[in-house]
Amino acid sequence: MLLRRPLLVALSGLTVVAMTMLGLAVLVVPVLGNRLETYDGMLRSLQDGHIAMLNQSTGLRGYLITREERFLQPYEAGVADQRAVDAEIARWTDVDAELAGRLTDLQTAQRRWTQEWVRPMLAEQPEVGDTTALAELLREDKALFDPYRVMEAQARAVVEDRRAEATAQQQRALYSGALVGVATAVGVGLVLRRAYRRLDEQVVPPTQEVRDALAALAAGDLTRRAGESGSAELRRIAADVNALGDALQDRDELVAARERDLVAARDQAERAGQAKTAFLATMSHEIRTPLNAVLGLTDLLLTTQLTEEQRAHLETVSGSGDSLLSLINDVLDFSKIEAGELDLEAAPLDLVGVVYDVAQMLAPQAARTGLDLLVDVVGDGPWQVLGDGSRFRQVVTNLVGNAVKFTREGHVVLRLTGTVADGRLRCRLSVADTGIGIDPDDHHRLFRSFSQVDASVTRSYGGTGLGLAISQRIVRAMGGDIEVESQPGVGSTFTVAVDLPLAPASSTGPTADGLAGLRVLVVDDNPTNLRILEHQLSRHGAECVLAGSGTAALQVLGAGTHLDVAVLDLNMPGMDGDVLAAALRARPATADLPLVLLSSSTTLPPERYADFDARLNKPVRPERLARTVRSVVPTGSAADATGPATPAQPAPDGRPLRVLVAEDNAVNAQLMALYLRRLGHECTHVGDGDQAVAAVLHGTYDVVLMDAQMPVLGGIDATAAIRLLPLARQPRVYAVTASVLAADRTAFLEAGADGFLTKPIRMGTLRDALDEVAPAPAGAAAAGPEPAAVLDPDTVEDLRDLGDEAFAHLYTRYLATLDDAVAAIVAAADLPSWSVDDEGSVPRLAHGLKGSSAALGATGLAEVCHSLETVDPAGLVLADTLAVLERERARVRAAVTTLLAAGGPGDRDGAGEPPTIEP
Ligand code: ADP
């Protein structure tokens, strides 16, 4: 709109200029041009007429003077020309009055000269010599010719006048045209300039304002509006922008309202989550605390003398309690993971160690079903990584546990492989079984929580359906995943693939040594295990001869193959390992061949391994296998025999620990006291954190077992307070908590706790924790919940007949020398070489201890000593025997201590008085 008028003006200006040009072209050029041409023609005709007159006059004068006829020729030509000019002039009709008058005067003067002078003169001339008459004639001629000249000059002047006028007219037209053009251009220019100025004034500011308003809206200032000024269009645009602003503001308010609602909902959900977490903590505490008592007291009851029926019932209670506990643990674990409470550690972790630990832990369970549980570590590692060991162990335990649970026959193979790249170990752990398998249609349900493939009411396998869900979440949190491959009736393979950073100082695995030069016969019906054993042994330098059955082994030996040692599997179809061993012993060539037994079963009747030099349980760690094989081969067999590789046993200190139990729950406190007494430690009980701090200040305690939730002062605060006490030696503080929440544990650690014991505490866990502080002291019930009669009751009874004093004296002396005697044997076993005759040799020392032990009824210990008596200095199965010796020592010490403390007669149970639990 604003531009329309200036544009129209400019357009009309241009039209004017164009029309002017056209007008000039049409008018000036032809009309005025023609007129000029006419005047030019007239001038030329007048000129011609004048020349014709002069020709006539000159000719006539010549004739007059000479009377020669030839002078009449110019005259006649002049007359003819004159006629043509006259005809021309006669055509000039469209001339003005003045010019017409002049022309008439001109023609009149010509006619007078012709009629009054020329014609009379031609009719009658004076005499040639009559000069006077001639002169008179010529004077008459002049008198008539001169007026003609004047008229001619006047006529010419008038024509020139007219021409000049026409030229002036043409110039004027051109000038005025140009003037009109320039003026129009200037006018248009002015109009346009004004239009632009108006544009600047009326369009730019409102446009800028609209732009500013839009920019402000875009930047989030939703209150900004544009002023509605300027032209109609701009006002409309501004109005649109303002409407947009209104809409945005409305939307913003809506969004803000929704956000408020969402924040409120989130806060509520967080509160609900916190409530759930708190509920979880409370529940875990509330359920685990009574369960603690149930399981603990059941364990303790099982160590007492019971009828078969009572024992069976109690074992059912214990089993059910265990299932309930694992169920609660699973549920709590899952809730914890779901609540985002899964804090993964990144501590040094030995993958191979974890795999073997789990395999060995579940091996007895596998053996009960008759399964082979095999570990195959492919490659030399390094297997030291940074990760959360306990969570990784949980995953492996779940997978192997499932594999064992769902396999009735065949084997379960744990295979660990890994490749190193960029300082990380890309490791894959597969657990393959030959069990019932899973239908492909059910694979997707495996990792769902609370989902079991066999969901029927009469399920034949227990479980919560949480194990795999938890495992998958743990592995995913570690940045890996679990895959499954399975066919019903064929078996399943679960594979954990995870990428973990290598631990800073990871070793590159064991080097091939120790067994160099040895030829080992390996007999096993399971090809996988055969391959694994070959791999393990050859990594240590041995050369393996493999046989898939007893018969095949006998064939190999029959062919005269030289062998240094044989490793035999126990259960094989056709011929069992012990039968093969007996057969080998019967043949002169192999009667002395060192034999190592590999069995899945941990409880074997002794006659089955009578022919073996050493016995190992499957799965066996490579180092242990190599060490054992090395130790049964007499020195000299191998090129670089180095003697028995027996690790040094730590010298037991034997001092009972002083343990402070801070626990408000009376039953738990009592249970803990019973445990500690049974483990041979001293126990003091306090009921709250305040008392615990006071007790630590005034007494010397090695260990404090600190409950978390207690009246007056809670466990966390009490731990912090203890850490601030000015003590010569701070006790070790174990937080005893039923909480599974990482936050609670962190708070305890920050307060200065050294470790955790999760309720319900089992005696084994407590023993392990206290063993960290000091090795199992005197009186420790190291043999587990059902100790056999450590001291033969009949012998003890016989000795009592000597009288109380002598009885006490005997046992006290025995006790005083026991630890030293065992320590001496352990030290002797560590010597690089010795002979049977040495006073300080293992057989001699063992012989001495055997005598006193047998005399005092410590038959188990005497038996161990007996086996040590017969060892040969060249290398033997010392490590295991020494471990048994150590265990027996602890058991005997505990039993004797209790015996001496009880004192009175009638104590038929050599292990001491069964604990009684006051209500
Ligand atoms: P559960 O505690 O019931 O074992 P899991 O989550 O560990 O829970 O396993 C879920 C289900 O997956 C099991 O109930 C079983 O049906 C199936 N499953 C897991 N592992 C195996 C396996 N190795 N062989 C066959 N079925 C398996």
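Residue numbers run from 1 in the order of the sequence given. Remember, it's 1-based here, ligands and their atoms both numbered in the order they're listed.
Distances shorter than 4.0 angstrom occur between a heavy atom of Phe494 and an atom of ligand 1. Using a 4.0 Å heavy-atom cutoff, Lys405 is listed among the residues neighbouring ligand 1. Not a single heavy atom of Gly435 sits under 4.0 Å from any atom of ligand 1.
Annotation: the span from Asp388 atom CG to Arg393 atom CZ amounts to 11.0 Å, rounded to 0.5 Å.
Using a 3.5 Å distance cut-off with no hydrogens or angles, the side chains of Gln394 and Arg391 do pair a donor with an acceptor.
When each atom of ligand 1 is checked for a heavy atom of Leu466 under 4.0 Å away, the hits are 6 (O), 8 (O). Taking a cut-off of under 4.0 Å to the non-hydrogen atoms of Leu446, the atoms of ligand 1 that pass are 12 (O), 17 (C). Atoms of ligand 1 found under 4.0 Å from any heavy atom of Gly467 (numbered from 1 in listed order, with element): 5 (P), 6 (O), 7 (O), 8 (O). For ligand 1, the atoms lying closer than 4.0 Å to a non-hydrogen atom of Asn398 are 7 (O).
With a heavy-atom cut-off of 4.0 Å, Thr407 does not touch ligand 1 at all.
The environment of Asp422 atom CG is sparse: at most 12 non-hydrogen atoms of other residues, nucleotides or ligands sit within 6.0 angstrom. Within 6.0 Å of CD in Gln360 there are more than 12 heavy atoms belonging to other residues, nucleotides or ligands.
Using a 4.5 Å heavy-atom threshold, the side chains of Asp569 and Asn526 count as separate. Counting heavy atoms from C-beta on, the side chains of Arg271 and Asp267 come closer than 4.5 Å. Inter-residue side-chain proximity for Asp576 and Asn571 is flagged as met; some heavy-atom pair is nearer than 4.5 Å.
Closest heavy-atom approach to atom 27 (C) of ligand 1 among the candidates Val412, Ile438, Asn402: Ile438.
Not one N or O of Ile436 is nearer than 3.5 Å to an N or O of ligand 1, by distance alone.
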